Amino acid sequence: MLGQPAFELRRMSFSFGETKLFSDLNLSLPEGSICAILGPNGTGKTTLLHLLLGWLKPDDGVILLNGKDLQKRSSRERGRTISLLPQKENLSFEYSVAEYILLGRAPYLNPLQQPGEKDRKIAFEALATAGGTAIADRKIPRLSGGETQVCLMARSLTQEPEILLLDEPTNHLDLSRKREMINLMKSYRTAGKTVIFTTHDPELAARTADYLILIGPNREVKSGPFDKLFTEENLSAVYGIAVKIVPIGDGSVTVVY
Amino acid sequence: MSKTVKHRSNKSRLILLCLTLAAVFLLSLLLGRYPKPGFTPISVLRADPLALKIFLTLRLPRCTAAMLLGMALGCGGLIFQLIFSNPLVEPGFLGISQGAAFGAGLSIILGGQALIWMQISAAAAGLTGLALTYILAHRLRFGGWLLRLILAGIAVSALFSAGLGLVKTLADPLTQLPEMTFWLLGGLSGVTPSHLKAAIPGVVIPLTILIALRWRINILSTGDQTAFSLGLSPAKGRLLILFLAVIPVTTMISISGIVQWVGLIVPHLSRKLFGADASASLPGAIVIGGLFGLICDDFARLLFSGEIPLGILTAFLGVILFIIILTRPDTEQTC
């Protein structure tokens, strides 16, 4: 029941200097799904996300966004379609959360335009959706890790994207915020959007994802519908240790290692 | 919503500051040393043709130049701090000011006495200074980004100062050297209407464009990857904004000589008053810069019967404010 591909990678290769990260990679990420990217540290999960964003360019091959070459999209069109929740961001200045998330409206405004009431409203709603109404007037450098995550998520949502790229979305989040994040991801799928996220937490993937990309220790990539790929055998191979998956009801699992 | 309230209070604050600037500007025009030190009543301007002439050909251009200098430095400082994510930089710490001084000096000995050549030469050398600083900062092997950028700026500035020293030894001691020395002392005592006519477009046009782009400039302060994910082309945007911020600074420095600290301290004052968002803090920095320039220059002309170099006053006042603001516990802290 998976839809058309939101992203399609055709024989894509990418390397950082001497290190070849991906070669001849073929992938197809269905639209309207939640796709998890799992793999050990340093295998290129974040790099893959940055390639999908268009921030990194493939050395070879193409990445198609809704059937068109991602690199040939205008920057504004790209900003309206894809948003990124980064792992971390450095800010030296004391922007308030409200000012900061408003920056997510940039792809909708021409360079000389100032955000108006409508933009403020969208930003405020995004902040509410991300569960951060209470921190609207706080200064960014003084937020805790979890609050920063909420703020960055709100900015992503302010972009009203079709595709959300989330880099370790539950980092720093406490249990209740983690559940909110899970609900948020699911509600975006319900609304027909595509969510693609990296994580170190297979349990989170099991609770949310319907599509899976596994990057192995030697950067061999497997992808497919979640239930087919999320097996003890595959996880053990990817992480290089024996892994057991124990279902605990409600579609949730515990991963024992 | 608190957002709107803040929006409004920022607006009224800015209007108040603009009115203050206008008042200080008018007052500065009426302060001087002729016919007697202190305040010149308007009746005197009417009665005394020499007083009127001084008013129009000396004070008016000078006060305007002081204001524009402050505006250019305040605006430049804020933008450099934002774009380099470094609250401790200003044009003088990035090789721009010394570059501009070198460029202007070079044009004097090469015989390009025309003001426009001096400005172009100052702009080219100022931009080169900034580029060198930026490249060097990326290659330095010591320290974090804040430190490396400042170290690189110090090195590049020293390079251009040495270059300027060389230019001075090459200058004709009878015709060019006096002119150059006078100008390098810093200050606006030599400003003429023709200086101003040449400088106004180089300051006013870029500042106007920057004010129009003020909200966008915020996005460049978030870092390249974020700016990209928000649908910008950060490399192009940054080049454009830096270019627009450098030109007013080098244009004014080609008239005034090196004036430091204004570009460091004015943005801090502005962020204290208006918050970090450049929508408010950029116009704020421009107006506060104008005020700062005018007030410092007023002291330079009026405090003693001889002129005090402007750079000394801005350094004095700037450093005092620097110490007060940057040591306050509520000031943003960066590693």
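Only a predicted model underlies this, so the values are computations on that prediction, with no experimental measurement involved. Just the heavy atoms: all of them, side chains too, but no hydrogens, waters or symmetry mates, feed the values below. Below, chains carry the letters A, B, ... as their sequence lines are ordered, and counting in each starts from 1.
- When each of B:Asn218, B:Ile211, B:Leu213, B:Leu82 is checked for heavy-atom pairs under 4.5 Å with chain A, B:Asn218 comes out on top.
- For the residue pair B:Asp277 and B:Ser279, a side-chain donor N or O sits within less than 3.5 Å of a side-chain acceptor on the partner.
- Residue A:Leu152: no heavy atom, backbone or side chain, is found under 4.5 Å from chain B.
- Interface check for chain B: of the options A:Gly104, A:Ser156, A:Gly54, A:Ser83, the most heavy-atom pairs under 4.5 Å are formed by A:Gly54.
- Among the candidates B:Thr226, B:Leu232, B:Asn86, the residue making the largest number of heavy-atom pairs closer than 4.5 Å to chain A is B:Thr226.
- Using a 4.5 Å cut-off between heavy atoms, A:Gln113 touches chain B through its backbone atoms (N, CA, C, O) alone.
- Defined by atom type and a distance below 3.5 Å, a donor-acceptor pair is missing between the side-chain atoms of A:Gln149 and A:Arg177.
- No part of A:Arg80 comes within reach of chain B, as not one of its non-hydrogen atoms sits under 4.5 angstrom from that chain.
- Both tests pass for A:Arg78 against the ring of B:Phe228: distance under 6.0 Å to the centre and angle within 45° of the axis.
- With rounding to the nearest 0.5 Å, the separation of CZ in B:Arg141 from CZ in B:Arg148 is 9.5 Å.
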Task: Trace of the salt bridge (Lys or Arg N to Asp or Glu O under 4.0 Å) decision for A:Arg142 with A:Glu94 - done: CA-CA 8 Å; A:Arg142 297 174 191 215; A:Glu94 297 207 312; 2.9 Å; yes
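- Ranked by heavy-atom pairs shorter than 4.5 Å toward chain B, the options A:Thr81, A:Leu53, A:Thr158 are led by A:Leu53.
- Contacts of A:Leu103 with chain B are made by both backbone and side-chain atoms, with heavy-atom separations under 4.5 Å.
- Of all the heavy atoms in A:Arg73 and A:Glu77, the pair that sits closest is NH1-OE2, 2.7 Å.
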